[in-house]
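Heavy atoms only: backbone and side chains are in, while hydrogens, waters and symmetry mates are out. Residue numbers start from 1 in every chain, and the chains themselves are labelled A, B, ... in the order their sequence lines are given, proteins ahead of strands.
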Amino acid sequence: GAVVSQHPSWVICKSGTSVKIECRSLDFQATTMFWYRQFPKQSLMLMATSNEGSKATYEQGVEKDKFLINHASLTLSTLTVTSAHPEDSSFYICSARRASSYNSPLHFGNGTRLTVT
Amino acid sequence: AQSVTQLGSHVSVSEGALVLLRCNYSSSVPPYLFWYVQYPNQGLQLLLKYTSAATLVKGINGFEAEFKKSETSFHLTKPSAHMSDAAEYFCAVSGETSGSRLTFGEGTQLTVNP
């Protein structure tokens with residue numbers, strides 16, 4: 001069964017509003033979670049690494065003030081898209097590892113389809 | 001830096017035919033390689049992984065991949081395609097110098113024709 005739960009699976013919002021996406025590790029603690037963005041017919045692009053109890057690490061070109069990440073517990077990370085615009089419409093996917101080892105596979109949520117009108 | 005290149009953004013096979021999805025990697029340190037599958041509007045599911053043990057790795061759903069250092073390749077194969085194999089497939093690499101990050105290839109869309 002799923003080990004990473006992502007909610008909501010889809011959301012439609014108006015320009016200028018904010019949207020929060022939740023990512024939960026269901027049966028393990030994740031000190032680190034990852035947020036990806038995927039455009040249609042394209043690969044996954046890492047947006048940021050979410051670190052429990054500390055600031056997220058953002059990839060180059062990702063606006064940290066626009067994509068707010070909070071990792072307040074060992075099983076929950078949230079991504080808030082602030083003042084959303086149509087160009088923010090995309091598929092957002094979170095992931096986490098059971099263990100801290102870099103050769104341990106990532107478990108992915110089912111993604112959130114965001115549409116900004 | 002590490003990277004993977006997937007040759008062929010689209011692959012089409014007949015049901016029952018061999019599936020071959022190509023992946024080449026670039027890494028300055030021993031790589032850890034993964035294949036993931038993505039169905040429409042869903043997250044990614046791990047098919048298999050290579051972590052420096054056996055070079056031939058068997059995964060779920062009848063897929064396997066062989067790590068060939070001399071060719072810097074990690075191609076994904078399945079002897080007989082099934083209609084349910086139609087999906088997007090991603091090759092990914094991580095390694096010691098990249099911390100816990102995964103770098104994905106561009107993806108290959110597999111179509112299975114009846």
Under a 4.5 Å side-chain heavy-atom rule over Ile, Leu, Val, Met, Phe, Trp and Tyr, are [X] and [Y] clustered together?
X: Phe34(A); Y: Phe34(B); result: yes
X: Ile12(A); Y: Ile21(A); result: no
X: Tyr36(A); Y: Val19(A); result: no

Legend entry - NZ/Lys66(A): more than 12 non-hydrogen atoms of other groups inside 6.0 Å: yes
Inset, instruction - Mark yes when over 12 heavy atoms from residues, nucleotides or ligands other than Arg22(B) sit less than 6.0 Å from its CZ; otherwise mark no. - result: no
Inset, instruction - Can you tell which part of Leu44(B) gets under 4.5 Å to a heavy atom of chain A, answering side chain, backbone, both or neither? - result: both
Legend entry - Interchain contact, Phe104(B) with chain A, by part (heavy-atom threshold 4.5 Å): both
Inset, instruction - Flag the pair Phe91(A) / Gln42(B) as yes when at least one side-chain heavy-atom distance between them is below 4.5 Å, and no otherwise. - result: no
Inset, instruction - Please tell me if the side chains of Gln38(B) and Gln38(A) come closer than 4.5 Å, counting only heavy atoms from C-beta onward. - result: yes
Inset, instruction - Mark yes or no for whether Ser43(A), through its side chain, and Gly105(B), through its backbone, hold a donor-acceptor pair below 3.5 Å. - result: yes
Inset, instruction - Return yes if some donor-acceptor pair links the side-chain N/O of Tyr36(B) with the main-chain N/O of Phe108(A) below 3.5 Å, else return no. - result: no
Inset, instruction - Output all residues satisfying salt bridge (charged side-chain N to carboxylate O under 4.0 Å, His left out) with Glu59(A), sequence neighbours left out; order by chain, then residue number. - result: Arg101(B)
Inset, instruction - Tell me, out of Glu106(B), Glu88(B), Gln45(B), Gln109(B), who's got the most heavy-atom pairs with chain A below 4.5 Å. - result: Glu106(B)
